Amino acid sequence: MKNKDIYCLAIESSCDETSMSIIKNGTTEINTVVVTQIDIHKKFGGVVPEIASRSHIESITIVLEELLEQSKMKISDIDIIGVTYGPGLIGSLLIGVECAKTISLVTGKPLIPVHHIAGHIYANNLKERLTFPLIALVVSGGHTDLVYMKEDYSFERIGSTLDDAVGEAYDKVAKILGLDYPGGPIVDKLAKVGNDTYDLPYPLDDKTYNFSFSGIKSAVVNLVHNEKQRGNDVRVEDVCTSFQNRVVHILTKKTKKALEEYHVHNLVVAGGVAANQALRESLNNMARDNHIKISFPEVKYCTDNAAMIGAAAYYAYQKGITANLELNAKAIDSLYKGTENHK
Ligand code: KG4
Ligand code: ZN
């Protein structure tokens with residue numbers, strides 16, 4: 001007999017996107033609604049936490065109504081409720097968590113707490129079922145991690161950034177160069193037309209799986225400052241190319257090392273920076289040369305969205321991970337709570 005389909009209502013509000021999605025069986029997107037606050041935060045050059053949480057409050061019920069309407073579904077058609085409980089901005093997370101708890105209370109359906117990074121990794125599952133064991137390279141605005149996964153919903157972090165996350169470094173470099181927020185996609189675009197002429201330092205090129213991007217970011221700050229003092233123009237495109245080449249080089253090198261040393265042939269890339277064209281090209285080449293199966297999420301699933309949370313929630317549910325109404329949002333939660341029961 002065919003197993004019953006599981007429909008997950010997923011909620012993601014960890015930063016500046018209010019998003020809800022309905023995902024069937026962890027693989028199929030029924031519908032997703034995202035309200036982005038990028039234009040609101042743009043004028044401040046970054047996300048303002050207080051404004052972000054207020055915007056979530058204004059949007060969240062509208063997003064839910066729109067999602068159900070677009071999906072032609074009723075709340076009673078939902079089997080489980082998945083929500084990002086952390087990490088992220090506490091005021092923003094709380095809105096999503098309270099909303100999820102309320103829906104769970106009203107419907108009596110299980111509440112599934114999802115770690116934001118587990119969501120980013122499972123964005124790949126919406127394209128093609130993950131194959132294990134795998135190495136996940138997580139590159140976002142808040143994380144730069146190498147993760148070993150033996151099986152579904154089992155996360156062993158083998159390396160991480162010691163300071164800035166790679167997306168954060170992109171955004172800061174963009175800001176120094178006078179580019180808009182979020183800067184990552186703009187730096188990516190300009191890097192395509194620039195030349196690698198600036199002698200920037202390589203980010204932490206050692207034997208560990210850890211990363212460090214604050215050195216190269218500071219080098220860009222000093223370079224811009226010195227050129228201005230000398231009355232020289234900064235060649236913005238060339239700075240972008242020089243910065244991006246070094247970052248992509250080190251991300252590729254350490255990922256390759258992890259795949260070799262863990263004897264793994266599956267690589268998934270996750271997080272906002274997984275949209276980066278140069279990183280995609282470099283990792284694709286490395287994967288081809290080393291017979292690695294590689295997966296990137298569709299670009300729309302790279303940055304924050306609830307579809308990825310719905311995909312992850314299904315596998316968390318299969319593992320018996322549920323929460324009760326005491327579930328709390330967590331701003332910092334460095335562990336991948338694969339097996340912990342939140343009850
Ligand atoms: O995963 P995400 O939406 O948020 C976090 O969970 O942190 O990632 C957002 C980050 C931002 O820093 C943004 O600049 C970066 O991803 N990003 C990119 C690109 N697209 C988004 N960075 C480099 N190249 C891109 N094409
Ligand atoms: Zn994210």
Side-chain angles (χ1 to χ4, degrees), residues 10-19 21 32 34-38 41-42 45-47 49 52 83-89 92-93 96 114-124 136-145 147 160-161 164-177 179-192 194 203 211 213 216-217 240-241 243-248 250-252 268-283 296-309 311-312 331-334 336:
I11 306 174
E12 155 63 43
S13 70
S14 65
C15 192
D16 58 348
E17 253 103 34
T18 319
S19 178
S21 182
T32 299
V34 185
V35 172
T36 177
Q37 304 170 9
I38 285 183
H41 298 289
K42 221 174 212 165
V47 179
V83 64
T84 308
Y85 70 91
L89 300 172
S92 293
L93 287 163
V114 177
H115 190 288
H116 183 73
I117 297 305
H120 272 303
I121 293 172
Y122 273 90
N124 285 282
L137 172 67
V138 181
V139 278
S140 75
H143 289 78
T144 311
D145 294 345
V147 180
S160 189
T161 182
D164 292 357
V166 63
E168 190 183 352
Y170 262 96
D171 294 341
K172 285 181 180 164
V173 161
K175 201 168 177 179
I176 299 156
L177 295 172
L179 306 172
D180 253 350
Y181 169 85
I186 305 169
V187 172
D188 187 10
K189 213 162 132 196
L190 294 178
K192 272 197 209 96
F211 301 97
F213 298 103
I216 190 167
K217 177 199 68 188
C240 292
T241 312
F243 168 78
Q244 178 155 286
N245 279 358
R246 284 155 185 74
V247 167
V248 166
I250 221 71
L251 288 171
T252 307
V268 304
V269 192
V273 186
N276 186 275
Q277 286 305 316
L279 182 63
R280 284 185 175 228
E281 198 181 312
S282 171
L283 289 172
F296 294 90
E298 272 185 62
V299 170
K300 66 175 176 177
Y301 296 135
C302 284
T303 46
D304 294 348
N305 65 85
M308 66 185 198
I309 302 303
I332 300 168
D333 193 30
S334 58
Y336 292 77

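Indexing begins at 1, ligand by ligand and atom by atom, following the structure's order. Only a predicted model underlies this, so the values are computations on that prediction, with no experimental measurement involved. Just the heavy atoms: all of them, side chains too, but no hydrogens, waters or symmetry mates, feed the values below.
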Atom of V114, atom of A312 and distance for their closest heavy-atom approach:
CG1-CB, 3.8 Å
Is it the case that ligand 1 has an N or O less than 3.5 angstrom from some N or O of G183?
no
Between T144 (side chain only) and V166 (backbone N and O only), is there a donor and an acceptor less than 3.5 Å apart?
yes
Taking the side chain as everything from C-beta on, heavy atoms only, tell me whether V299 gets closer than 4.5 Å to R280.
yes
Please note down the angle at the Zn ion (ligand 2) between OD1 of D304 and NE2 of H120, to the nearest 10°.
100°
Give a yes/no verdict on whether any heavy atom in H116 is under 4.0 Å from an atom of ligand 1.
yes
Taking the side chain as everything from C-beta on, heavy atoms only, tell me whether I309 gets closer than 4.5 Å to S21.
no
Per atom 15 (C) of ligand 1, closest listed option by heavy atom (V247, V138, V173, V273)
V273
Of the backbone and side-chain N, O or S atoms of C15, does one lie nearer to the Zn ion (ligand 2) than 2.8 Å?
no
Where is the tightest heavy-atom contact between R246 and P203, given as atom of each residue plus distance?
O-CD, 3.8 Å
G167 N/O to ligand 1 N/O under 3.5 Å
yes
Could you tell me whether any N, O or S atom belonging to H116 is less than 2.8 Å from the Zn ion (ligand 2)?
yes
Taking N or O atoms only and a 3.5 Å limit, does P182 qualify as a polar contact for ligand 1?
no
For ligand 1, which atoms sit closer than 4.0 Å to a heavy atom of G142?
7 (O)
How far is atom 2 (P) of ligand 1 from its nearest protein heavy atom, and which residue and atom name does that atom have?
D304 OD1, 3.4 Å
Check if P185 has a non-hydrogen atom at a distance under 4.0 Å from any atom of ligand 1.
yes
Between the side chain of N124 and the main-chain N/O of V269, is any donor-acceptor distance below 3.5 Å?
yes
Can you pull out the closest protein heavy atom to atom 5 (C) of ligand 1? Residue, atom name and distance to 0.1 Å, please.
G141 N, 3.5 Å
Hey, does the side chain of D304 reach the backbone of E12 with a donor-acceptor pair shorter than 3.5 angstrom?
no
Would you say D171's side chain and G184's backbone share a donor-acceptor pair under 3.5 angstrom?
yes
Give a yes or no answer on whether the side chain of S282 reaches the backbone of A278 with a donor-acceptor pair at less than 3.5 Å.
no
Examine N276 against ligand 1 and note whether any of their N/O atoms are separated by less than 3.5 Å.
yes
Any side-chain heavy-atom pair from L251 and F213 closer than 4.5 angstrom?
yes
heavy-atom search around atom 20 (N) of ligand 1 in the protein gives G272 O, 3.4 Å
Looking at S140, which atoms of ligand 1 are within less than 4.0 Å of one of its heavy atoms?
1 (O), 5 (C), 6 (O), 7 (O)
Would you mind running through ligand 1 and noting each atom that sits below 4.0 Å from a heavy atom of D188?
24 (N), 25 (C), 26 (N)
Could you tell me if the ring centre of Y170 sits under 6.0 Å from that of F243?
yes
Contacting atoms of ligand 1, where contact means under 4.0 angstrom from a heavy atom of G184
14 (O), 18 (C), 19 (C), 22 (N), 23 (C), 24 (N), 25 (C)
At a 4.0 Å threshold, what atoms of ligand 1 neighbour a non-hydrogen atom of T303?
3 (O)
Heavy atoms from other residues, nucleotides or ligands near NZ of K189 exceed 12 (cutoff 6.0 Å):
no
Pick from V166, V139, D171: the one approaching atom 11 (C) of ligand 1 most closely through a non-hydrogen atom:
D171
Relative to ligand 1, is Q277 under 4.0 angstrom through side chain, backbone, both or neither, heavy atoms considered?
neither
